[in-house]
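A quick write-up on the structure given underneath.
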Amino acid sequence: MRTNPVKQKLKNGLPTFGVWLSLGDYYATRTLARMPWDWLTLDLEHSPIDWSQAAIIFGAVADAGGVPLARVPRGDHDLIKRVLDAGAWGIVVPMVDTVEQAKAAIAAAKYPPQGDRSVGGGMHSMNFDASPDEYFAAANEEILVVLQTESPRGVANAKEIYALPGCDAIFIGPNDLWAQMKTIENPNPTMAGHEALIQEVISTGKDVGTPTGMHVMTAEQALLRAEQGMQFIAVGSDVRMMAVEAEATLKKLRPDEGTQSVVHY
């Protein structure tokens with residue numbers, strides 16, 4: 001059975017870099033999977049991707065020798081079970097604000113006695129080049145569990161969440177963190193306040209020994225966050241890479257016409 005190199009890198013204190021898969025496209029996925037990204041995460045939270053597409057994407061990444069991950073729409077048992085049974089090597093769980101939410105997500109990714117994941121499926125073992133019995137015996141050690149901190153409430157509960165057994169890494173969604181900072185009294189949080197929460201996450205992760213990371217848009221930003229100690233870093237997405245290159249080309253071809261960005265990340 002294949003082992004998960006991302007888990008090992010994180011344990012060894014090394015940075016890992018990956019890309020969000022938002023297109024759900026087989027061709028685009030196969031292309032990126034043949035590049036030396038540490039992992040590729042299929043975004044099932046914000047992209048209109050169905051389960052059949054997801055299973056094909058996970059298989060394409062695994063068959064190319066890569067590590068396929070899935071961002072689930074929320075930390076529910078059935079959603080986590082289904083992406084793992086479809087062949088994902090790990091999960092990214094959004095909007096984890098409390099210890100109870102974190103425990104439920106971790107348990108859903110682990111077979112008993114560590115968790116309550118039910119036994120079934122066959123695509124998971126194929127993606128690990130293993131027999132079903134080999135997979136069932138080793139999955140708890142190889143599946144990656146990444147929890148997202150995306151609100152001031154999540155930051156306030158960070159120490160307890162990050163210290164939970166089975167929490168392999170923490171991932172900041174900077175856009176949602178920014179949005180969740182807004183209040184009726186303060187609808188426009190400052191950049192300084194936003195960065196302060198990010199630094200608090202990094203500091204807490206170091207204190208409890210749990211790797212942290214976040215979504216960035218450029219290689220320069222990714223290297224900066226790695227220098228600050230982050231280890232699970234997403235650089236844009238497949239659709240953003242396509243859009244950025246197309247926009248740059250159009251600016252050269254039609255410099256007098258404004259080109260409005262159509263993709264945020």
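Basis for what follows: all heavy atoms, side chains included, without hydrogens, waters or symmetry-related copies. This is a predicted model, so every value here is computed, not measured.
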Applying the 4.5 Å side-chain criterion to the ILVMFWY set and letting contacts propagate, would [X] and [Y] be lumped into a single cluster?
| X | Y | answer |
| --- | --- | --- |
| V244 | V19 | no |
| F232 | L177 | yes |
| M214 | V93 | yes |
| I49 | M241 | yes |
| V119 | L79 | yes |

What are the two closest heavy atoms between [X] and [Y], and how far apart are they?
| X | Y | value |
| --- | --- | --- |
| I233 | M230 | CD1-O, 3.8 Å |
| R34 | A64 | NH1-CB, 3.6 Å |
| H215 | V235 | NE2-C, 4.5 Å |
| P73 | P94 | O-CG, 3.4 Å |
| A102 | I161 | CB-CG2, 3.9 Å |
| V83 | A70 | CB-CB, 3.9 Å |

Item checked: Heavy-atom neighbours of M123 CE exceed 12 at 6.0 Å ->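 No, the 6.0 Å shell around CE holds no more than 12 heavy atoms from other groups.
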
Does a side-chain heavy-atom distance below 4.5 Å link [X] with [Y]?
| X | Y | answer |
| --- | --- | --- |
| R74 | M95 | no |
| V61 | V67 | no |
| V72 | R82 | no |
| S237 | L21 | no |
| N175 | Y265 | yes |
| N127 | W89 | yes |
| E142 | M1 | yes |
| V99 | L164 | yes |

Check: Just one of T149, L147, N157 clears the side-chain contact (heavy atoms from CB on, under 4.5 Å) bar with Y162, so which one?
Finding: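 One option only clears the test, and that one is T149.
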
Item checked: Among T29, T31, L23, the one residue meeting side-chain contact (heavy atoms from CB on, under 4.5 Å) with Y27 ->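 Of the listed residues T29, T31, L23, the side-chain contact (heavy atoms from CB on, under 4.5 Å) partner of Y27 is T31.
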
Check: Stepwise, does the side chain to side chain contact (heavy atoms under 4.5 Å, CB included) test hold for F128 with I143?
Finding: CA-CA 10 Å; F128 273 93; I143 293 299; 4.2 Å; yes

Next item on the list: Would you please say whether a donor-acceptor pair under 3.5 Å links the side chains of R71 and Q148?
Entry: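 A pair is found: one side chain offers a donor N or O, the other an acceptor, under 3.5 Å apart.
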
Note to self: Applying side chain to side chain contact (heavy atoms under 4.5 Å, CB included) to S261 and E247, what does each step give before you reach the verdict?
What the structure shows: CA-CA 7 Å; S261 178; E247 289 164 7; 3.5 Å; yes

I'd like to know if the side chain of [X] and the backbone of [Y] have a donor-acceptor N/O pair within less than 3.5 Å.
| X | Y | value |
| --- | --- | --- |
| Q101 | D97 | yes |
| D168 | V145 | yes |
| S47 | L44 | no |
| K7 | E141 | yes |
| H77 | D116 | yes |
| Q231 | P211 | no |
| D76 | D78 | no |

Margin query: Apply side chain to side chain contact (heavy atoms under 4.5 Å, CB included) to residues Q8 and N12 and explain how you reach the verdict.
Written below: CA-CA 6 Å; Q8 195 58 52; N12 291 340; 3.4 Å; yes

Checklist line | Chi angles and distances behind the side chain to side chain contact (heavy atoms under 4.5 Å, CB included) call for I170, V146 | finding: CA-CA 5 Å; I170 295 298; V146 181; over 6 Å; no

In Å and rounded to the nearest 0.5 Å, what is the [atom1] to [atom2] distance from [X] to [Y]?
| X | Y | atom1 | atom2 | result |
| --- | --- | --- | --- | --- |
| R254 | T249 | CZ | OG1 | 12.0 Å |
| D25 | L32 | CG | CG | 10.0 Å |
| S22 | D238 | OG | CG | 5.5 Å |
| D63 | M126 | CG | CE | 9.0 Å |
| E100 | T98 | CD | OG1 | 4.5 Å |
| W20 | R240 | CH2 | CZ | 14.5 Å |

Next item on the list: State which residues pass ring-ring contact (aromatic ring centres under 6.0 Å, His included) with F136; sequence neighbours excluded, sorted by chain then number.
Entry: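 F136 satisfies ring-ring contact (aromatic ring centres under 6.0 Å, His included) with Y111, H124 only.
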
For residues 184-200, which side-chain N or O atoms pair as donor and acceptor with protein atoms under 3.5 Å away, sequence neighbours left out?
residue : atom : partner : partner atom : Å
T190    : OG1  : G193    : N            : 2.9
H194    : NE2  : P174    : O            : 3.0
E195    : OE1  : R225    : NH2          : 2.9
E195    : OE2  : Q199    : NE2          : 2.7
E195    : OE2  : R225    : NH1          : 2.9
Q199    : NE2  : Q228    : OE1          : 3.3

Throw together a table of side-chain donor-acceptor distances under 3.5 angstrom for residues 51-58, partners on residues two or more places apart or in other chains.
residue : atom : partner : partner atom : Å
Q53     : OE1  : D50     : N            : 3.0
Q53     : NE2  : G24     : O            : 3.3

Contacts under 3.5 angstrom, residues 35-42 side chains, donor-acceptor by atom type, not counting sequence neighbours:
residue : atom : partner : partner atom : Å
D38     : OD1  : K9      : NZ           : 2.7
D38     : OD2  : F17     : N            : 2.8
W39     : NE1  : T16     : OG1          : 3.1

Next item on the list: List in chain and number order the residues that pass side chain to side chain contact (heavy atoms under 4.5 Å, CB included) with K159, two or more places apart in sequence or in another chain; answer none if no residue qualifies.
Entry: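 Side chain to side chain contact (heavy atoms under 4.5 Å, CB included) list for K159, sorted by chain: T204, V208.
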
Checklist line | Pairing residues for R117 by the salt bridge (Lys or Arg N to Asp or Glu O under 4.0 Å) criterion, not counting sequence neighbours | finding: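 D85.
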
